[in-house]
Protein chains: 2
Amino acid sequence: MKLQERESYYKEALPVLLAVDCIIFGFDREQLKLLLFKRKIEPFKNEWSVIGSFMKPDESAEAAAVRVLGEYTGLEEIFMEQLGCYSQVDRDPGARVVSQAFFALIRLDEKKEQTVATHEAKWFDLEEVPGLILDHNLMIGDALEKLKRKARYRPIGFELLPKKFTLPQLQKLYEAIYQQSFDSRNFRKKILSLQVLKKLDEKDKSTSRKGAFLYTFNKRKYQSLVERGGQFLM
Amino acid sequence: MKLQERESYYKEALPVLLAVDCIIFGFDREQLKLLLFKRKIEPFKNEWSVIGSFMKPDESAEAAAVRVLGEYTGLEEIFMEQLGCYSQVDRDPGARVVSQAFFALIRLDEKKEQTVATHEAKWFDLEEVPGLILDHNLMIGDALEKLKRKARYRPIGFELLPKKFTLPQLQKLYEAIYQQSFDSRNFRKKILSLQVLKKLDEKDKSTSRKGAFLYTFNKRKYQSLVERGGQFLM
DNA sequence: TCAAAAGTGTTCAAGTTACACCCATGT
DNA sequence: ACATGGGTGTAACTTGAACACTTTTGA
């Protein structure tokens with residue numbers, strides 16, 4: 001009898017299709033970029049879309065997101081976070097599909113470009129994002145908002161840079177995120193006062209004759225900063 | 001042929017059951033409270049749970065959340081926001097159920113207590129939250145974290161107070177959220193400097209002989225504050 | 001030697017913290 | 001008249017903003 005009750009409880013529920021969509025940000029030393037791809041199959045064949053997939057029976061939304069990120073970028077460790085659930089009844093005319101969106105930050109890296117290319121994926125400047133299928137443009141707007149907010153209290157910007165980076169690079173990144181320029185003296189002061197960077201003895205000479213010192217991000221110090229509840233930046 | 005492709009595309013997807021769960025916060029002038037209810041049916045009969053429901057075919061997650069909030073509290077306009085998607089494969093032993101969680105803030109109000117009571121729901125102090133079914137304790141932890149973070153840049157605290165409230169009440173609320181006490185002079189200075197409150201000519205004499213002036217929240221001024229990107233509090 | 005980007009300090013304004021007493025009122 | 005909670009100001013300190021010149025080096 002208990003079993004019957006239990007069964008009927010679940011029976012009243014409507015099964016829907018669940019998808020994950022990943023809004024993937026990258027940074028190419030100048031511009032914030034978004035990874036989009038052109039669909040190769042119907043429905044919406046040849047239209048641009050963010051990268052997604054249906055969830056498989058044996059995976060959580062997070063696992064599905066990790067899977068598609070790996071497929072399209074060749075990367076396994078990616079900073080990724082839930083963005084939100086998109087569940088308008090008529091959002092997908094082909095079926096009742098609910099999408100759990102994630103946003104992800106990756107280091108742009110020539111080595112991986114081939115993987116990206118084979119999937120007919122392409123990096124777009126933020127200003128050049130085309131019209132996308134379904135509610136994907138909406139997702140991107142939400143992701144941008146979240147990125148800006150998040151970057152204030154978490155140094156997620158570092159996820160977008162190579163492991164070794166220079167302060168001018170970091171500044172350019174924040175300028176791209178917030179669409180404004182910062183005073184370099186104040187910027188350096190603020191960043192360095194957080195004491196989460198380690199200065200290396202190497203210089204990156206790719207952008208100037210003088211060369212700029214490389215830094216790495218000290219995760220341990222960062223953790224203690226977060227635990228102290230620290231506001232991060234900007 | 002196109003149609004066939006389209007059908008097969010959706011066919012590869014696995015339908016899952018979708019639920020919404022609402023983490024409902026209230027404030028009773030002293031303590032932050034959580035609304036929980038005791039399940040009347042199997043599975044998990046007589047165990048405590050946050051308030052939830054399966055999504056119906058013709059509603060979005062938001063609509064489902066509004067529906068259950070209405071059913072359990074009698075309220076129609078409730079501050080509510082997505083918390084996250086809980087999709088661990090084995091989170092519900094009875095079926096593959098993915099839950100979209102929301103957190104909601106409501107004004108505690110005697111008028112509505114009857115509705116709450118008829119659903120065998122009960123307000124719990126945060127420290128007294130019992131063991132809950134499934135991953136509901138996890139959701140509550142996440143909701144608390146989000147509440148704290150959110151209250152820093154949005155005056156969501158106001159959602160938890162009556163429309164007219166006193167500054168000592170507001171201070172108690174923030175003290176409950178952040179589990180620390182604030183200096184009343186500094187607190188008042190900070191709040192009033194935001195210029196989002198309107199002082200009324202009435203006093204609330206329920207807690208002191210002198211009485212405390214009542215204030216209301218000026219939504220228009222608040223909007224312009226948010227648009228200027230203002231940090232809010234704390 | 002010069003062009004181009006990296007790096008560096010100081011001053012002023014604003015905001016945050018710490019701190020203690022008087023006020024208004026009902027009983 | 002007194003107990004109770006409401007309300008107020010100031011000084012020290014910290015943080016953020018504005019601002020311009022020197023350094024390094026490859027070509």
Side-chain angles (χ1 to χ4, degrees), chain A residues 28-31 151-153 155 161-162 164-176 178-216 225 228-234, chain B residues 27-31 151-153 155 161-162 164-176 178 180-216 225 228-234:
Chain A
D28 69 352
R29 296 180 167 246
E30 292 296 333
Q31 296 267 338
R152 278 175 196 255
Y153 62 90
L161 292 173
K164 299 176 181 181
F165 53 88
T166 67
L167 291 184
Q169 276 176 337
L170 183 61
Q171 181 171 347
K172 279 218 184 85
L173 169 59
Y174 274 90
E175 288 174 340
Y178 290 106
Q179 310 260 43
Q180 60 176 287
S181 56
F182 299 106
D183 178 273
S184 68
R185 285 164 291 191
N186 293 340
F187 183 83
R188 299 169 81 96
K189 224 183 302 171
K190 204 164 184 174
I191 293 284
L192 293 173
S193 74
L194 298 170
Q195 299 189 277
V196 294
L197 293 190
K198 199 163 89 191
K199 187 176 184 175
L200 304 179
D201 263 344
E202 306 168 62
K203 280 189 163 186
D204 169 17
K205 297 207 170 181
S206 64
T207 55
S208 77
R209 292 175 175 141
K210 182 177 179 181
F213 279 104
L214 288 162
Y215 289 78
T216 57
L225 177 69
R228 271 176 277 134
Q231 196 65 12
F232 187 62
L233 278 174
M234 311 307 140
Chain B
F27 180 66
D28 70 351
R29 294 177 167 250
E30 293 296 333
Q31 296 267 341
R152 279 175 197 253
Y153 63 91
L161 291 172
K164 299 176 182 181
F165 54 87
T166 67
L167 291 184
Q169 276 175 337
L170 182 62
Q171 182 171 346
K172 279 217 182 86
L173 169 59
Y174 275 89
E175 288 175 340
Y178 290 106
Q180 61 175 289
S181 57
F182 298 106
D183 178 274
S184 69
R185 283 165 293 191
N186 292 339
F187 182 83
R188 299 168 83 95
K189 222 184 303 172
K190 202 164 186 176
I191 293 284
L192 293 173
S193 74
L194 298 170
Q195 299 189 277
V196 293
L197 293 190
K198 198 163 88 191
K199 187 176 184 177
L200 304 179
D201 263 344
E202 306 169 62
K203 279 188 163 187
D204 169 18
K205 297 206 170 182
S206 65
T207 56
S208 78
R209 293 176 173 139
K210 183 177 179 179
F213 278 103
L214 288 163
Y215 288 78
T216 57
L225 177 69
R228 271 175 280 135
Q231 195 67 9
F232 187 62
L233 277 174
M234 312 306 142

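Here the side chain of B:Q169 pairs no donor or acceptor atom with the backbone of B:L161 at under 3.5 angstrom. Side-chain atoms of B:K203 come within 3.5 Å of backbone atoms of B:K210 as a donor-acceptor pair (strictly under, hydrogens ignored).
Shortest non-hydrogen contact noted between A:L197 and A:Y215 is CB-CD2, 3.9 Å. Residues B:A151 and B:Y178 approach most closely at CB-OH, 3.4 Å, considering heavy atoms. Between B:T216 and B:K164, the closest heavy-atom pair is CG2-CG, 4.0 Å. Residue A:R188 comes nearest to A:P168 through the heavy atom pair NH1-CD, 4.3 Å, listed as atom of the first residue, atom of the second, then distance.
Residues from residues 198-210 of chain B with heavy atoms under 4.0 angstrom of DNA chain D, sorted by number: B:T207, B:S208, B:R209, B:K210.
With rounding to whole Å, B:L167 atom CG is found 6 Å from D:dG7 atom P. A:K190 places its NZ atom 14 Å from the C1' atom of D:dA18, with the value rounded to the nearest Å. Across the protein-nucleic acid pair, A:F182 atom CZ and D:dC19 atom C1' stand 17 Å apart, rounded to whole Å. Put simply, CG on B:N186 is 14 Å from P on D:dT10, counting in whole angstrom units. Atom CD1 of A:I191 and atom C1' of D:dG16 are 14 Å apart (whole Å). Counting to the nearest Å, the C1' atom of D:dA17 and the CZ atom of A:R188 are 18 Å from each other.
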Collect all protein-nucleotide pairs involving nucleotides 11-14 of chain D in which both atoms are nitrogen or oxygen and the distance is under 3.5 Å.
none

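Put simply, B:R185 has no side-chain N or O that comes within less than 4.0 Å of OP1 or OP2 on D:dG7.
The CG atom of A:D28 sits 10.5 Å away from the NZ atom of A:K172 when rounded to the nearest 0.5 Å. With values rounded to the nearest 0.5 angstrom, A:E175 atom CD is found 12.0 Å from A:Q31 atom CD. A:F213 CZ to A:K199 NZ: the interatomic distance, rounded to the nearest 0.5 Å, is 4.5 Å.
In 5' to 3' order, the nucleotides of DNA chain C bounding all contacts with chain A (an atom under 4.0 Å from a heavy atom) are C:dA3 to C:dT10.
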